[in-house]
Amino acid sequence: MDSRLSRIIELLTSNPAERRRLPQLAKQSGVSIRTLELLFKKDTGKPFSAFYRELRITLAKKMLAGTQWPVKVIASRLGYKSVEVFCRDFKRVSGATPLEFRSRRRKASLQKKSIECR
């Protein structure tokens with residue numbers, strides 16, 4: 001993976017509450033917007049917008065599974081201005097709403113604990 005892209009991905013992951021835009025990231029990394037678009041497509045197989053959405057949803061899944069924070073708080077911590085947009089993106093990427101995902105994770109965890117106790 002290109003080192004410039006690695007730094008950008010690290011930046012996106014380290015502070016997910018700060019909304020990042022492609023022009024801003026291109027300027028920070030010293031490349032054109034088009035070059036950055038091409039780097040994302042080449043190295044991740046996805047355009048920036050799809051990669052960024054999936055990254056944020058991956059972080060959301062960790063928060064949903066590891067905390068009791070309300071969906072509204074998680075959306076805010078990931079830089080979403082509205083819970084509705086967060087829920088729409090979450091369902092688009094994962095196939096379930098945030099609450100459905102959390103419920104399934106809890107159920108699976110309880111079943112796993114039940115099996116371990118036998």
Side-chain angles (χ1 to χ4, degrees):
M1 181 177 285
D2 186 281
S3 62
R4 296 168 294 189
L5 188 58
S6 294
R7 284 193 301 273
I8 288 171
I9 291 171
E10 191 175 304
L11 180 68
L12 294 172
T13 306
S14 67
N15 189 4
E18 187 175 333
R19 282 287 289 160
R20 306 289 179 153
R21 303 277 186 231
L22 200 57
Q24 171 195 22
L25 293 169
K27 188 175 183 178
Q28 285 178 318
S29 51
V31 298
S32 70
I33 295 169
R34 181 66 183 143
T35 298
L36 190 53
E37 288 173 330
L38 292 171
L39 284 173
F40 264 100
K41 186 70 172 166
K42 177 181 157 270
D43 288 353
T44 70
K46 300 172 184 154
F48 170 74
S49 59
F51 176 85
Y52 192 36
R53 181 183 310 111
E54 289 177 21
L55 172 70
R56 292 165 84 196
I57 299 308
T58 298
L59 295 171
K61 286 179 178 179
K62 289 178 184 177
M63 290 180 194
L64 286 163
T67 72
Q68 295 300 315
W69 295 338
V71 171
K72 179 179 176 180
V73 170
I74 292 172
S76 175
R77 287 182 178 246
L78 293 172
Y80 281 91
K81 292 190 188 314
S82 93
V83 176
E84 294 80 15
V85 173
F86 167 69
C87 290
R88 182 197 67 211
D89 281 356
F90 192 94
K91 188 164 187 169
R92 181 185 299 160
V93 171
S94 70
T97 68
L99 292 178
E100 290 169 344
F101 174 83
R102 180 177 270 168
S103 176
R104 289 178 191 159
R105 290 287 297 206
R106 282 189 189 143
K107 191 174 184 179
S109 178
L110 289 173
Q111 287 175 341
K112 183 179 176 187
K113 287 179 183 178
S114 173
I115 291 169
E116 290 172 355
C117 292
R118 292 182 187 177

field: All pairs passing ring-ring contact (aromatic ring centres under 6.0 Å, His included) where residues 2-41 contributes a residue, at least two apart
entry: Phe40-Phe48, Phe40-Phe51

query: Judged by atom type as modelled, is there a donor-acceptor pair below 3.5 Å linking the side chain of Thr67 to the main-chain atoms of Leu64?
result: no

Value rounded to 0.5 Å, distance of CZ in Phe101 from OG in Ser103: 11.0 Å

field: Distance (rounded to the nearest 0.5 Å) between Met1 CE and Lys42 NZ
entry: 9.0 Å

task: Please check if Leu36 and Leu38 belong to a single hydrophobic cluster, counting links between Ile, Leu, Val, Met, Phe, Trp and Tyr side chain heavy atoms closer than 4.5 Å.
output: no

task: Hey, could you give me the CZ/CD1 distance between Phe90 and Ile74, rounded to the nearest 0.5 Å?
output: 8.5 Å

- prompt: Partners of Arg106 by side-chain hydrogen bond (donor to acceptor under 3.5 Å, both in side chains), sequence neighbours excluded?
  reply: Gln68

query: salt bridge (charged side-chain N to carboxylate O under 4.0 Å, His left out): which pairs involve residues 47-63, sequence neighbours left out?
result: Lys46-Glu54, Arg53-Asp89

message: Ignoring hydrogens, what is the shortest heavy-atom contact between Leu78 and Ala60? Give both atom names and the distance.
response: CD1-CB, 3.4 Å

query: With sequence neighbours left out, which residue pairs that include part of residues 69-83 fulfil the salt bridge (charged side-chain N to carboxylate O under 4.0 Å, His left out) condition?
result: none

- line: Sequence neighbours excluded, the answer for side-chain hydrogen bond (donor to acceptor under 3.5 Å, both in side chains) partners of Thr35 is Ser32

Please output the side-chain donor-acceptor pairs of residues 5-21 that fall under 3.5 Å, not counting sequence neighbours, one pair per line with the distance.
{"unit_1": "Ser6", "atom_1": "OG", "unit_2": "Asp2", "atom_2": "O", "d": "3.3"}
{"unit_1": "Thr13", "atom_1": "OG1", "unit_2": "Ile9", "atom_2": "O", "d": "2.8"}
{"unit_1": "Ser14", "atom_1": "OG", "unit_2": "Glu10", "atom_2": "O", "d": "3.2"}
{"unit_1": "Ser14", "atom_1": "OG", "unit_2": "Leu11", "atom_2": "O", "d": "3.1"}
{"unit_1": "Asn15", "atom_1": "ND2", "unit_2": "Glu18", "atom_2": "OE1", "d": "3.2"}
{"unit_1": "Glu18", "atom_1": "OE1", "unit_2": "Arg20", "atom_2": "NH2", "d": "3.4"}

message: To the closest 0.5 Å, what do you measure between CZ (Arg104) and OG1 (Thr97)?
response: 7.5 Å

